[in-house]
Number of protein chains: 2
Amino acid sequence: MSVRPVSISDRNLLASLGAVVSRFGVEGASLARLSQASGLKKASLYHRFPGGKDEIVDAIVDDTEARFAKAMSSAYVEGDPAARAEALAAGIGEYYAQGADSCLIIALSVSGDEIREGAARCVTGWSSALENVALDAGLTPDQARITAIDAVAAIEGALVISATTGDTGPFERALASLPRRLTTVPESA
Amino acid sequence: MSVRPVSISDRNLLASLGAVVSRFGVEGASLARLSQASGLKKASLYHRFPGGKDEIVDAIVDDTEARFAKAMSSAYVEGDPAARAEALAAGIGEYYAQGADSCLIIALSVSGDEIREGAARCVTGWSSALENVALDAGLTPDQARITAIDAVAAIEGALVISATTGDTGPFERALASLPRRLTTVPESA
DNA sequence: ATCACTATACCGAACGATCGGTAAAGCACA
DNA sequence: TGTGCTTTACCGATCGTTCGGTATAGTGAT
């Protein structure tokens, strides 16, 4: 009967598993590491995810997409584009713990082709949210598309920097400049 | 007599090995994959690198640092900062094959802490080169430092995007905007 | 020029450890 | 006594690594 909603322990489970994959990559996230991080033995993980590691990774990607979509929901509401852009920046900052957390997209990008598709879905979904705000702010479709994907790139790059050197400055500045990026028309051709 | 003659085959060897690590990450770069990519059998790789996989990764990082430093050498010559910034952008574009190649720094960032230090060295070296040009262009030390690391972040993020979706647009735009970034004083506080 | 010896580069086969994955027994609670 | 979840124990495959051996190219003494 219990096709029931995702329990709180499932949510914590996915969070701890996702943290391992984000930090060490798909190939670096061994079942031993996943087991240790989650507190569940290896066979218990197979009870939760009968499809094995592939299903674990898929679940992490799906969960990440869902949580991120929720964090970006303010992109699709009615209202002032500038205020919505601020809300997006705040949501992104919270999602990545102000730059302290590793990014799953980056981890997935250092993997085989099939896994990269999940990363691509996350990127396009994210970019579409930003693009929608940029469109409402008066940018042309081309400008909005380019502005959105470049904003995503800037934040992803900042997360690479914080992951390598620990410097969260680029992340903070990328978020701070996000509202202006999304709401002002680029000057040059 | 010939203590360490770096032969041309050594250079090709490091290039092919580095490509595997950049694309699949340190943990994803198994000896089997490294062997297949280089054409050398596993035991032969141990002849070239007696220290095993760790030595291979170290050699790749060192080689990457050296080649990148060479590509960024125009940062430290005398001359017009704007022209030097253009040269830097051209060097970066060539280094990453206009965004088609994977970035070793990103691959190293999805690894254990010890390996991340190599990535951090690459980032700081790269940022220092850009910072030097920005200083010569008249930016204050703080402005130059921030501008340089943010420019590196923008390019790294663009490489994440191209690795995931295959879209090299962000990379091209990041390079195109690099000279203006490095040579114009930021407007806001 | 020949021979014994050394150094270099490569490879096949195997090592112990760990990988992802499976089966069956143990436990908690109905 | 079931039933859902966890655990111990185990499996074949692959991991990084090592060993033994082959082929070639010097090198020094004769």
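Values below: every heavy atom of this structure, side chains too, minus hydrogens, waters and symmetry copies. Residue numbering restarts at 1 for every chain, and letters A, B, ... go by the order of the sequence lines.
- Protein atom NE2 of His47(B) is 5 Å distant from nucleotide atom C1' of dT8(C), rounded to whole Å.
- Annotation: proximity of residues 30-38 of chain B to DNA chain C (heavy atom, distance under 4.0 Å) is found for no residue.
- The pair Arg121(A)-Asp62(A) meets the salt-bridge criterion, with a side-chain N (NZ, NE, NH1 or NH2) lying under 4.0 Å from an Asp/Glu carboxylate O.
- One interatomic measurement links the two molecules: CZ of Phe49(A) to P of dG20(C), which rounds to 15 Å at whole-angstrom precision.
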* Asked: What one-letter contact string describes nucleotides 25-30 of chain C from 5' to 3', where B marks a base within less than 4.0 Å of any protein heavy atom, S marks contact via sugar-phosphate atoms alone, and - marks no contact?
  -> ------
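- Note on Arg84(A) versus Asp80(A): no salt bridge recorded, every NZ/NE/NH1/NH2 to OD/OE distance being 4.0 Å or above.
- Note: NZ (Lys42(B)) to P (dG16(D)) measures 7 Å, nearest angstrom.
- If you check the side chains of Glu131(B) and Ser127(B), you find no donor sitting under 3.5 Å from an acceptor.
- The interatomic distance linking Leu40(B) (CG) with dG12(C) (C1') rounds to 15 Å, in whole Å.
- In this structure, Asp150(B) does not pair ionically with Arg181(B), as no charged nitrogen and carboxylate oxygen lie closer than 4.0 Å.
- The OH atom of Tyr46(A) sits 17 Å away from the P atom of dC11(D) (whole-angstrom rounding).
- More than 12 non-hydrogen atoms from other residues, nucleotides or ligands lie less than 6.0 angstrom from CD of Glu55(B).
- Put simply, CZ on Phe24(A) is 16 Å from C1' on dC19(C), counting in whole angstrom units.
- Side-chain N or O atoms of Ser73(A) include none that pairs as donor or acceptor with a backbone N or O of Ala69(A) at under 3.5 Å.
- When the nearest nucleotides of DNA chain C are assigned to Glu27(A) and Ala43(A) by heavy-atom distance, the more 5′-ward of the two goes with Glu27(A).
- Contact check on Glu27(A) versus Arg33(B) returns a salt bridge, with a Lys/Arg side-chain nitrogen under 4.0 Å from an Asp/Glu carboxylate oxygen.
- Using a 4.0 Å cut-off, no side-chain N or O of Arg48(B) falls inside it from OP1 or OP2 of dT8(C).
- OP1 or OP2 of dT6(D) has not a single side-chain nitrogen or oxygen of Lys41(A) nearer than 4.0 Å.
- Thr168(A) and Glu172(A) share a side-chain donor-acceptor pair at under 3.5 Å.
- Atoms NZ (Lys53(B)) and P (dC19(C)) sit 12 Å apart, rounded to a whole Å.
- When atom types are taken as modelled, the side chain of Asp136(A) and the backbone of Pro81(A) share no donor-acceptor pair closer than 3.5 angstrom.
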